[in-house]
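Here is the structure we will look at, set down as structure tokens.
Below, each value reflects all heavy atoms present in this structure, side chains not excepted, and no hydrogens, waters or symmetry copies. Below, chains carry the letters A, B, ... as their sequence lines are ordered, and counting in each starts from 1.
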Amino acid sequence: MRRPAIHLASTPIPRQGQRPVGDPAVFLEPGQLTATTRRPVPRAQLGRRATIALWALRVLVIILSAMVIYTFFSQLGS
Amino acid sequence: MSPPLAPEPQPDPARSAGTVLLTPEDWARSHDRGRVHRARGGGRRWLLFWLLAGPGILAMLGENDGPSMVSYTATGAAYGVGFFLPFILVTFAMAILCQEMCMRVGAVTHRGYGELVLQRYGPVWGWFAAGDLLFTNLVTLIAEFVVIRVGLAWFHLGSGVAAGLGVVLVAVTLSGGRYWRWERIVLGLAIFNGLFLAAAIMARPHWGQAARSLVTFSPFPGGSLNTLLLLIASTIGATVTPWMVFFQQSASADKGLTHRDIRHGRLDTVIGGALAAAFGCGALIAGATLASHPGAGIQGQAGAGFPTALAHTSGNAVAAVFALGLIESGAVAILTICASTAYSAGECAGVTHSFNNPPHKAGLFYAANITVALIAAGIILIPGAPLLSIALNANVLATVLLPVTLVFMILLASDRQLMGSRVNTVWLNAAAAAIVTFVAGCGAAYGIDSFLQAAHLIPGG
């Protein structure tokens, strides 16, 4: 299914003549304007395997961080 | 060239009316882009590079921070140049590969890492990423203030001066309301990271031995496995960290880089990586001149003994240059790490997050920037705080938390809907996956081994 999406890049910079002289927007891509970047990008659909792998990595990292923090405090105690 | 996401079906009222509503941020960025446009149109290549350089050099030299330089010096003092000199070069090659992805995603999407993870993969992953960043940044910032204090101690200045200097520096650089101004001030400071290379040259090391180790990766360090794992993990953490990923992508977007600037962005990243590797190797080589030193003076508060030890072996001038290098490395890292925290806070909260806004237009961004600096500065003023342990563990924590950050970076850079034809190649993804596996393996090996020793489940040593 093709999800609705927003324009992000690759739009050519307008040439000077296409906008009034002195218009600062002439140097910005449409995707760079704050009005555009405030709109969120569409949500990606992660597959089941990818989701499980990400959670497994997340849990591993939390356990390892806890180990490093435990070691840090035990070294302080000694 | 295939375009990224298709145009938004909902019309933009401002555009359809033939006008564009510009915020002050747009105006400032447009001014900078105008200079780029004129330099490119006029074929002025050096000016174009000068205008587009910044985020890559700052990320790389910012990561040559206080704890990293102390870690390199300690490694040199303990093991000589041997294995670690070429290993530093390998880690910076890894860093260049990772940071190029950040720059490319920022230039194509014009969005920071935090907001893309949050919007594309959901708030749970977005807030996890922001939480990791805040935690490691706070720990690292404390370590930066500690190292500034160490450098200032050589000039007989105390922790109050270190805390004040760091906070004032953050406040001064925030005062311009322009990304360009902030970036140029920090770049001006960052070039003094070269003091470590100057200290190494002045210390008259054995250059032949250094050249041999570059080719042979030897002698391989002996001694305790846990110490070796700590040094490997902290050397990785001294080169690639979560804040660099957040910082370079957000700074590339804030600077206004576009897909047309990717080639210059790559050059900026490679030059930054080469400079940082040279200066990091300088710290290692300077430390290696202490390998024959008795060592009592080296074991101080987060490397407090290094300037004194260098004064004994190489003279006061080398010690002073090294101490100034420590102050610089801590100061630049404070600025870039505070910026990455502020970008992340603004992106995750969905509010304005740009140096191109004045403080009253981007309250959270500026408040986050200065608040983390104030908290870290306050902690080093607490008498009896375990500053040495905090400084030494900062890089290891960054290494442990890095794999998740890198996995999302790879997902974003491989996302064809976001990146269009500028998506990662298969080879780049394979190299990035190898880096994630290596970093995760090193972090896990140290974390598990030290935990088992600390819990007395295996003998120490």
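Residue A:Leu46 touches chain B through its side chain alone, counting heavy-atom pairs closer than 4.5 Å. Using a 4.5 Å cut-off between heavy atoms, B:Asp132 contacts chain A through its side chain alone, with no backbone atom that close. Residue B:Val351 does not touch chain A at all, counting heavy-atom pairs closer than 4.5 Å. Interface remark: B:Ile448 contributes backbone and side-chain atoms alike to the contact with chain A (heavy atom separation under 4.5 Å). The contact between A:Leu54 and chain B is made by backbone and side chain atoms together, counting heavy-atom distances below 4.5 Å. Of the atoms belonging to B:Val404, heavy atoms from both backbone and side chain fall under 4.5 Å from chain A. With a 4.5 angstrom heavy-atom cutoff, B:Phe135 touches chain A only via side-chain atoms.
A donor-acceptor distance shorter than 3.5 angstrom exists from the side chain of B:Asp26 to the backbone of A:Thr34, with no hydrogens or angles considered. No donor-acceptor pair closer than 3.5 Å links the side chain of B:Gln119 to the backbone N or O of A:Arg43. When atom types are taken as modelled, the side chain of B:Arg120 and the backbone of A:Pro42 share a donor-acceptor pair closer than 3.5 angstrom.
Rounded to the nearest 0.5 Å, atoms OG1 (A:Thr36) and CZ (B:Arg111) are 8.0 Å apart.
Ion pairing between a basic and an acidic side chain is recognised when a charged N comes within 4.0 Å of a carboxylate O; A:Glu29 and B:Arg29 show no such pairing.
The aromatic rings of A:Trp55 and B:Phe128 sit perpendicular to each other, their planes meeting at more than 60°, with 30° as the lower class boundary.
Closest heavy-atom contact between B:Leu257 and A:Gln32: O-NE2, 4.1 Å.
When each of B:Gly443, B:Gly122, B:Ser354, B:Ala440 is checked for heavy-atom pairs under 4.5 Å with chain A, B:Gly122 comes out on top. Here B:Ala444 is the residue among B:Gly350, B:Ala444, B:Ala253 with the most heavy-atom pairs under 4.5 Å with chain A.
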